[in-house]
Structure formats: structure tokens, C-alpha cells
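Written below as C-alpha cells is the structure these notes are about.
All values derive from a computational prediction rather than experimental measurement. Below, chains carry the letters A, B, ... as their sequence lines are ordered, and counting in each starts from 1.
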Protein chains: 2
Amino acid sequence: IIEVESMTKTYSLGGSTIKALDNVTFGVESGEKVAITGPSGSGKSTLMHIIGCLDRPDSGRYLLDCEDVSRLSKNALAQVRNRKIGFVFQTFNLLPRITALENVELPLLYAGHREARGSAEEALSIVGLSDRIGHEPNQLSGGERQRVAVARAIVTNPAIILADEPTGNLDTKTGEEIMRLFKELNDQGRTIIIVTHDPEVAAHCSRQIYIRDGRIRDSRSVPTG
Amino acid sequence: IIEVESMTKTYSLGGSTIKALDNVTFGVESGEKVAITGPSGSGKSTLMHIIGCLDRPDSGRYLLDCEDVSRLSKNALAQVRNRKIGFVFQTFNLLPRITALENVELPLLYAGHREARGSAEEALSIVGLSDRIGHEPNQLSGGERQRVAVARAIVTNPAIILADEPTGNLDTKTGEEIMRLFKELNDQGRTIIIVTHDPEVAAHCSRQIYIRDGRIRDSRSVPTG
Ligand SMILES: Nc1ncnc2c1ncn2[C@@H]1O[C@H](COP(=O)(O)OP(=O)(O)OP(=O)(O)O)[C@@H](O)[C@H]1O
Ligand SMILES: Nc1ncnc2c1ncn2[C@@H]1O[C@H](COP(=O)(O)OP(=O)(O)OP(=O)(O)O)[C@@H](O)[C@H]1O
Ligand SMILES: [Mg+2]
Ligand SMILES: [Mg+2]
């Protein structure tokens with residue numbers, strides 16, 4: 001469902017060149033659950049943003065559901081994103097002046113649903129935040145904001161879920177609840193890609209891709225228990 | 001060096017009352033290294049902000065170096081903070097439109113040092129970011145921003161370091177480098193309080209305080225290896 005071919009992404013800053021992604025090639029089957037791991041600064045978030053249609057590579061190709069994403073206009077890209085992908089950002093990216101509930105409703109309203117409240121409340125309940133839905137992001141703890149970001153990513157029932165370090169701000173128990181949620185979504189047939197620094201989270205995935213210095217160093221299947 | 005007595009912090013939101021801290025009492029000796037753990041939403045960041053003189057409790061007392069902090073004016077509080085405390089925020093709180101280097105220089109400039117560049121460069125080098133000093137926060141990875149926040153917290157050589165989940169966005173190896181840094185600072189006699197969800201990090205501390213629902217549930221000394 002996801003095919004990345006010879007992808008490169010470079011940043012130029014003050015005369016120096018940073019190769020955030022260097023000739024990256026890999027694929028993810030529909031319904032797979034894949035972990036992406038690697039050192040801080042190795043290119044994981046950069047890769048996730050391109051896969052999530054939030055950014056474009058400088059060279060190389062990205063096929064999503066067999067469609068060459070680079071041919072799409074900005075609007076068409078936004079539509080594909082909204083219909084097919086749920087994204088949990090490493091820095092959450094919640095809108096600051098609206099409530100948790102309103103944040104989670106947004107993807108549904110954008111998709112044209114006129115009634116979003118019920119689904120948003122359910123998504124927030126799944127991540128354990130039923131008693132926080134009226135809070136704005138600055139009235140929430142770090143881990144609560146992270147869970148609102150997860151709820152927002154799943155509320156449209158997307159085919160693909162991209163989660164960039166979804167448990168970094170959570171205690172072990174709450175983190176396990178989120179992993180159980182992802183397992184359930186994966187059992188429903190959704191494709192899940194998780195960037196994580198937590199070996200426990202990576203161990204739950206059927207394949208682990210290791211990135212360093214913008215390159216894929218290792219890609220191995222793991223027998224999951 | 002830190003004495004918290006019967007501290008309570010309550011938030012009122014839309015008719016409901018949230019007891020973020022409920023009658024919390026504890027003390028930290030000068031030179032100790034203490035871990036604060038507990039579930040998401042349990043009150044850890046709220047407690048850290050009050051200890052860091054960034055917020056006031058609704059009731060109870062906070063003595064820092066035997067001085068009752070609640071008697072200080074806003075300006076006096078800011079001065080104490082700047083002179084004695086280095087704070088690593090859970091959400092980093094870097095200034096977005098200046099570089100990593102400039103962000104790390106700020107506490108020194110605020111303290112009246114006319115030359116801040118050398119110390120700031122050294123702090124960034126200690127956290128492994130010498131080749132990123134000219135980047136602005138949105139040109140850095142999540143873990144790089146976290147490390148800039150750590151560099152900023154240590155650059156004034158403060159007596160007390162408060163770190164709110166300083167390794168949540170770091171891979172294991174980089175996280176260990178940060179813990180080695182904290183050990184070194186502690187060996188120099190600085191008092192360190194770390195909020196963490198990582199059992200490995202908590203295990204490195206000589207005492208662990210467990211918080212749930214705004215209350216201290218457990219406080220135990222751990223023989224450190
Ligand atoms: N301004 C506010 N208004 C209302 N409630 C708030 C406000 N700030 C925090 N809270 C609530 O207070 C509780 C404690 O928050 P705090 O940030 O201290 O938790 P925490 O232990 O740091 O959690 P985490 O591990 O997720 O970072 C949370 O349940 C949060 O929803
Ligand atoms: N706009 C930019 N300009 C210049 N360099 C950038 C920019 N954005 C990211 N980088 C650099 O690209 C590299 C890869 O960044 P990326 O965010 O993908 O890392 P990451 O693997 O997600 O790291 P982490 O685990 O710390 O989140 C980093 O070294 C970063 O400094
Ligand atoms: Mg990242
Ligand atoms: Mg917190």
C-alpha cells in the first residue's frame with residue numbers, strides 16, 4: 001500500500017547541506033504493522049511527513065495505493081490525506097484555542113461529516129480522556145495532549161495510521177493501552193507505521209525498520225507473540 | 001534545600017474542580033537525585049512548575065533554600081529562578097524565531113553575563129549538538145529540541161536542575177548520554193529532580209517518589225549501582 005523508491009530529502013542551512021533522507025527505498029503491505037526506529041536526528045519524522053503527504057521529497061517516488069502522490073495538486077493531496085491517513089505528530093500539533101473535543105472533531109468536519117461530536121467523544125473515551133473533553137491543550141498534561149493527538153488520528157477510521165512516537169510522554173500502563181488500541185486497529189485491517197524509541201513498542205510490530213543518518217540500515221521481520 | 005508542605009493546587013473548569021495536587025508534603029536534600037514517577041495526568045508537571053517558581057500553589061508552603069517563596073514578588077521570584085534553577089520543560093518551550101545557540105544563551109544574558117556564546121556552545125556540545133547550533137527549533141528533530149532544552153537548563157551551572165521527562169523523545173543511547181550528564185552534574189553537588197516515565201531513568205536515582213491523583217503514594221530510597 002506504501003511504496004517509497006530512492007527517496008532523498010535535503011535541507012540547506014547556512015552553507016551546509018543536511019541529507020535528512022538519503023536514497024531510501026522500502027514498502028509496506030496493506031494491513032502490516034511496522035516499527036521505525038533509529039537515533040535522534042536520523043530522519044524518521046522527515047520520512048513520516050513524506051509518507052503522510054505533508055511534505056515532498058527532493059527526488060525519488062512515493063506511491064500510495066499505487067498512485068504517484070507527486071502528481072497530485074496541493075488540494076488533491078490534502079483530500080487523500082484526510083480520507084486515508086491518520087497522523088499522530090511527535091509534537092502533537094493540536095490547535096491551541098479550541099477544546100480537546102473540537103480538535104478531535106476537525107478531521108470529520110473537514111471530510112464533510114455534518115455530525116462529528118459522537119465519534120469524537122468515542123475516540124476520546126477510547127484513549128481514556130472522557131473527563132477531559134472540554135479542556136484546551138494548555139489545560140492538559142503532556143500525556144493527555146499526546147492522547148488527544150491519538151484520538152484525532154483515529155476518529156475518521158483511516159486505512160493508514162502513522163504514529164510518530166505516540167507513547168513518549170506516557171507511563172508504561174497508559175502506553176500499553178495505546179498499544180492495545182493500535183493492535184485492535186491493525187486486527188481490523190488497518191496499516192500501522194509507528195516511529196518509536198521504545199523497544200517494547202517496536203517488539204509488538206511484525207517488522208522493524210532501522211534508520212541511521214537518513215538511510216535504512218536494517219529491515220527485519222519479527223515473530224510477534 | 002527544597003521543602004514542600006501541605007501543598008494543594010486546584011483547577012476549576014466549567015463547573016468541575018480538578019485537584020491537580022492534593023496536600024502534598026515532601027523534602028529534597030541538597031545534592032540528592034530524585035525521580036518523580038506516576039501515571040499521565042497525576043500532577044507531576046504541576047508540582048515541578050511550583051518547585052521551579054513558575055507557578056504558585058493555592059495553599060501550603062514552599063521553602064527553597066529555607067526561604068518562603070510565596071513572600072517574593074514576581075521579579076524577585078524570577079531572579080531566584082534564574083540564579084538557582086535550571087528547568088527542562090516537558091514541551092521544551094524553546095523560542096521559535098531564534099537559533100538553538102541563541103536559545104541557550106538566554107539564561108546567561110538574563111543573569112547579566114555580557115558574554116554568553118562560549119558557555120552556550122559548550123552546553124550544546126555536551127548534549128551532542130555542535131553541528132546544529134545555527135538551527136531554529138522548527139529545523140530540528142524532536143529529540144534535538146529536547147536536547148537544546150537540556151543544554152539551556154544547565155548553561156548557568158544552576159544549583160538545582162528540574163527535568164520534566166528529559167528523555168521521552170530520545171533513543172536509548174542518546175538518553176543514556178543525557179543520564180550520564182545528569183550523574184556528572186549530581187556528582188558536582190547539584191540537586192536533581194527528574195520526572196520520568198522511564199523505569200531505567202528512575203532506577204538511576206537514589207530516591208523515587210510516586211504520585212497518583214495529585215497525592216504522593218510512595219517515597220522510597222533505592223540503592224543505586
Ligand atoms: N490549566 C488547567 N486547567 C484545568 N486542568 C488542568 C490544567 N492544567 C493541568 N490540568 C489537569 O491537571 C492534571 C495534572 O496535570 P499535570 O500536567 O501535572 O500531569 P502530569 O503528571 O505531568 O502528566 P503527564 O505524565 O501526562 O505529563 C491533569 O489531569 C490535567 O488535565
Ligand atoms: N527544516 C530543516 N532545516 C534543516 N535541517 C533540518 C530541518 N528539519 C529537520 N532537519 C534535520 O534533519 C535531521 C532529521 O530530522 P528528523 O526530524 O527526521 O529526525 P528524527 O529521526 O525524527 O529524530 P528524533 O528521534 O529526534 O525525533 C535532523 O538532524 C534535523 O536537524
Ligand atoms: Mg522525530
Ligand atoms: Mg507532565
Largest heavy-atom contact set with chain A, pairs under 4.5 Å, which of B:Gly43, B:Ser16, B:Gly175, B:Gly168: B:Gly168
B:Leu140 versus chain A, the contacting section by heavy-atom distance below 4.5 Å: neither
A:Asn138 atom CG: more than 12 heavy-atom contacts under 6.0 Å: yes
Region of A:Gln139 in contact with chain B, defined by heavy-atom distances below 4.5 Å: side chain
pair A:Ser141-B:Ser45: side-chain heavy atoms closer than 4.5 Å: no
Most contacts with chain A, counted as non-hydrogen pairs under 4.5 angstrom, among B:Thr37, B:Ile18, B:Thr167: B:Ile18
Residue B:Leu170 versus chain A: region with a heavy atom under 4.5 Å: both
Pick from B:Glu144, B:His135, B:Lys173 with the largest number of heavy-atom pairs that fall under 4.5 Å of chain A: B:His135
CG-CD distance between B:Leu13 and A:Glu136, expressed to the nearest 0.5 angstrom: 8.5 Å
Within 6.0 Å of NZ in A:Lys19, more than 12 heavy atoms from elsewhere: no
Any A:His197 side-chain heavy atom under 4.5 Å of B:Thr172 side chain: no
Atom pair CG (A:Asn169) and CG (B:Asn169), whose distance is rounded to the nearest 0.5 Å: 6.5 Å
Atom pair CG/CD of A:Asp171 and B:Glu165 - distance to nearest 0.5 Å: 9.0 Å
Option in A:Ala20, A:Ser40, A:Gly14, A:Gly143 with maximal non-hydrogen atom pairs under 4.5 Å from chain B: A:Ser40
